[in-house]
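All values below were derived from every heavy atom in this structure, side-chain atoms included, with hydrogens, water molecules and symmetry-related copies excluded. In what follows, residues are counted from 1 in the order of the sequence shown. Both counts, for ligands and for their atoms, begin at 1 and track the order of listing. Keep in mind it's a predicted model, so treat the numbers as computed, not measured.
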Amino acid sequence: MSQVRTRFAPSPTGFIHLGNIRSALYPWAFARANNGVFILRIEDTDVERSSQEAVDVILEGMQWLGLNHDEGPYYQMQRMDRYKEVLQQMLDQGLVYPCYMSTAELDALRERQMANKEKPRYDGTWRPEPGKTLPPVPEGVKPVLRFKNPQGGSVVWDDKVKGRIEISNDELDDLVIARPDGTPTYNFCVVVDDMDMGITHVIRGDDHVNNTPRQINILRALGQEPPVYAHLPTVLNEQGEKMSKRHGAKAVTQYRDEGYLSDAIVNYLARLGWSHGDDEIFSRQQLVEWFNLDHLGKSAGQFDEAKLRWVAQQHMKTADDAMLAGLVREQFARHGVTLPAALQTGDKLTALCALFKDRCATTVELMEWLTMYVQHLHAPAEELAAQLTDVTRPAVQALAKRLESVSWEKEAISQAIKDTLKEAGLKMPQLAIPVRLLVCGRSQTPSVDAVLALFEREDVLARLARA
Ligand code: GLU
């Protein structure tokens, strides 16, 4: 087999959301799985609706998710000369023809067809045929160019998701491939690009299935064998609607800002339409090893926030602590928090990430946990009053006294806690809960000795002094 070449071809007409970027992830993974080439092509010919901002979200989102491209980004607007060159070539070869039918005539044709209960389609008035006399060319009218679609027979392809699809050529009329001003139309640009870029596998949303037979016919007319097609079912939102900005979908980059690990998003999106046995949690490396087009799902994937959070938690648990520390530091900076000196260098923050990451789905949640190490968070007064009683207060004070002089590490702190409990005749929660409320501002944390050991001693003593 020749080298695999795939592409992602977004239109930058709105910010890209998770549903869209899945159409980048699959061709990327397929290219990587086959030592192939992944190409990024920006389909920006809808000048009115395309924006640089939308392009930026695509580039940033892909970079964040690690979906790096090997070629491109190509911009269709920069390839106009090439499209016009191919148009001219097709005109010279008689594969396309000028059509002078006016909009009014087309409308009248459509109305006649509808009245006769026929499917509206171009009737071939200007299509040249041997022995046929064409109408006189009207003056001052600029023609569109139409593709001479094959007549009779059908277009067949083996879709990697949908199976065999056969469309009769009688269903397809002669497509307009250039407007009166000479600009090429959408389907034509896609065909020229897929041809020039040597695309072997087109993996894209199934909203393009209807374009495929037309694209195959044009490709064949140009002497090309069509690529393999895989048309991915839509991604639905939690309400079961097609995921879209209008229906509240977030830009991909927002998940980065909310602190999701990119590996978690890649894992989640990969499963939303593809499977490898029962595996739910896998690394990017595993995805690239396993990905193929034989296990693509046939039904629409539905976004599920709870599942995303679960996947995200699993990735947090196994994430490298130093890497997390770097991300948490970025989150603090984004939230305008200056870290105390002790947390500015890596080790302390790394140890904190190791201790708290099991409780989090995102680095923002991790940052929220670690805020107690940056500032004194006060527990609700009633909660503290309920826990800091005449029975427990003396024990907290006795512990504080011990902590003034123990060596400042987990084991020694643990021993100080045990000694205090023994002396006071109390159970662990009777001491640990008020200590947590005073020091951490909350009653539940990982093991209290480990939590305390990562504070500065004077901070712990100052906070316990409020007992
Ligand atoms: N530009 C199209 C879109 O954003 C994709 C075209 C294609 O993949 O062929 O829907």
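- In this structure, W126 has its ring center under 6.0 Å from that of Y100.
- Side chain of Q113 to backbone of R121: a donor-acceptor contact under 3.5 angstrom is found.
- A cation-pi geometry, defined here as NZ or CZ lying under 6.0 Å from the six-membered ring centre and within 45° of its normal, does not hold between K148 and Y97.
- Within the cation-pi definition used here (under 6.0 Å to the ring centroid, within 45° of the axis), R164 does not qualify as a partner of W157.
- Within 4.0 Å of ligand 1, counting heavy atoms only, the contacting residues are R7, A9, P10, S11, E43, Y186, R204, H208.
- Both tests do not hold together for R22 against W274: distance to the six-membered ring centre under 6.0 Å, angle to the ring axis within 45°.
- Stacking of R146 on the aromatic ring of Y122 is recorded, both the 6.0 Å distance cut-off and the 45° axial limit being met.
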